[in-house]
Every structure is written in C-alpha cells, then in structure tokens.
Amino acid sequence: MSGHDPSSASPPAAIVFVYGTLKRGGSNHAHLAGQLFLGEARTVAGFTLYSLGEYPGLVADEADKTGVTGELWAVDAACLERLDILEGVSEGLYSRDPARLAPPHENLTPAAQLYRYLGATGGRTHLGSTWNE
Ligand code: PCA
C-alpha cells in the first residue's frame, strides 16, 4: 500500500485525478510513492479515453455519457513537479487542467486536477471510460 508518513511528508500541494499508468498497479505508479491515496473517482460525462499505445489520453467527447474512471491522490509539490515532467506538460503532450468530477468529489479543496491529452486522436483506439494495463 502507498502511504503518507506524516513525520516526513510535505503538505499536499494538489489533488490529482489519475486515470492511466499512474493508477495503482500501473507502469508509472511508482511516481506516486509516498503520496496519499484518497479513493476511486470518476469524471463527469463528456470525457473519454484513447489508447496511445503504452498509455492512454483523456480528451473531451460531447457524445460521452459515462465519464472516465480513476483515482484521487493528494500529492506534494515535488511529486507534482515530477508528474508534470513525466506527462510532458512543457512539451505540450498533456496539460494539467481542473478535473470535473462526479459526486461526491465535485467540490474538493484544493480542486482536483488531471492530465488532459493535447494531441490528435485520429486513428487511435477508442477505449471509453477505463484504462486497464
Ligand atoms: N498517466 C496519467 C495521464 C495518462 C497516463 O498514463 C494518468 O495516469 O493519469
């Protein structure tokens, strides 16, 4: 289990909704080592996943009725910086945006954020609501 050691951890800087390789059991989950798992969550409808090969991308989809499933993590500032590098935020691969989550997570403080895919999805496999590795 990932835990949060109050004796050494920095205060949470953000709450991140993860839906892909950062989830428990995922290939990038080690990047969340020492962070605090808050529980499972789902976005509101209007978002969906495409497979980009080894990882998924979340994009807006007006036709979507279910949203995307994932996990909420409270992360410290150093972790958030590592995640931004991992997700290629400065290269424009993903942007870290406010997450619109279904109840009971619609009004978290601080507000939840997620990595939204900025690339094209044409020709990619549509996954729907859930990424399974
Ligand atoms: N990592 C991030 C975005 C997509 C990915 O594989 C995540 O798990 O939320």
Side-chain angles (χ1 to χ4, degrees):
M1 287 294 287
S2 288
H4 188 70
D5 176 359
S7 65
S8 64
S10 305
I15 296 176
V16 180
F17 171 84
V18 303
Y19 56 85
T21 57
L22 289 169
K23 291 192 297 185
R24 294 168 298 171
S27 60
N28 281 320
H29 182 64
H31 291 271
L32 290 175
Q35 309 305 305
L36 179 63
F37 175 70
L38 299 177
E40 298 184 343
R42 178 185 279 271
T43 70
V44 297
F47 298 95
T48 198
L49 299 179
Y50 283 84
S51 175
L52 306 169
E54 300 298 306
Y55 55 92
L58 179 149
V59 297
D61 175 6
E62 284 180 14
D64 172 72
K65 300 277 186 269
T66 61
V68 167
T69 64
E71 301 173 357
L72 290 170
W73 287 81
V75 305
D76 62 29
C79 178
L80 193 61
E81 200 172 313
R82 291 196 304 271
L83 296 183
D84 282 357
I85 293 167
L86 176 73
E87 305 302 345
V89 169
S90 66
E91 290 99 76
L93 184 62
Y94 290 84
S95 63
R96 176 158 48 83
D97 287 357
R100 295 179 51 209
L101 300 178
H105 299 120
E106 65 274 56
N107 290 312
L108 295 176
T109 306
Q113 303 176 69
L114 58 72
Y115 290 98
R116 181 169 63 90
Y117 182 61
L118 298 179
T121 53
R124 302 295 195 174
T125 300
H126 186 205
L127 298 172
S129 66
T130 303
W131 164 259
N132 293 305
E133 287 202 40

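Note that these values count all heavy atoms, side chains included, but never hydrogens, waters or copies made by symmetry. Atoms within a ligand are numbered from 1 in the order they appear, just like the ligands themselves.
For Thr48 against Gly128, the heavy-atom pair with the smallest separation is OG1-O, 3.3 Å. Between Arg96 and Val89, the shortest heavy-atom distance links the atoms N-CG2, 4.5 Å.
Within the listing of ligand 1, atoms 6 (O) sit less than 4.0 angstrom from a heavy atom of Tyr55. Close approach to Val18 involves these atoms of ligand 1, each under 4.0 Å from a residue heavy atom: 8 (O), 9 (O).
Ligand 1 has at least one atom lying under 4.0 Å from a heavy atom of Tyr94.
Annotation: atom 2 (C) of ligand 1 to nearest protein heavy atom, Glu87 OE2, 3.2 Å. The protein heavy atom nearest to atom 4 (C) of ligand 1 is Pro56 O, 3.4 Å. Atom 7 (C) of ligand 1 has its closest protein heavy atom at Gly20 N, 3.4 Å. In terms of protein heavy atoms, atom 5 (C) of ligand 1 is closest to Thr21 OG1, 3.4 Å.
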* To do: Mind running side-chain contact (heavy atoms from CB on, under 4.5 Å) on Lys23 and Val18 for me, showing each step along the way?
  => CA-CA 6 Å; Lys23 291 192 297 185; Val18 303; 4.1 Å; yes
* Asked: Which is it for Glu87 and Leu22 under the side-chain contact (heavy atoms from CB on, under 4.5 Å) test, yes or no, and what are the steps along the way?
  -> CA-CA 10 Å; Glu87 305 302 345; Leu22 289 169; 3.5 Å; yes
* **Residues Thr109, Asn107; criterion side-chain hydrogen bond (donor to acceptor under 3.5 Å, both in side chains); working and verdict** => CA-CA 7 Å; Thr109 306; Asn107 290 312; over 6 Å; no
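Two rings, from His29 and Trp73, have their centers less than 6.0 Å apart.
Backbone and side-chain nitrogen or oxygen atoms of Tyr19 are examined, and one is located within less than 3.5 angstrom of a nitrogen or oxygen of ligand 1. On a distance-only criterion, Leu22 and ligand 1 share at least one N/O pair closer than 3.5 Å.
Between Tyr115 and Tyr94, the ring planes lie perpendicular to each other; the angle is over 60°, past the 30° to 60° tilted range.
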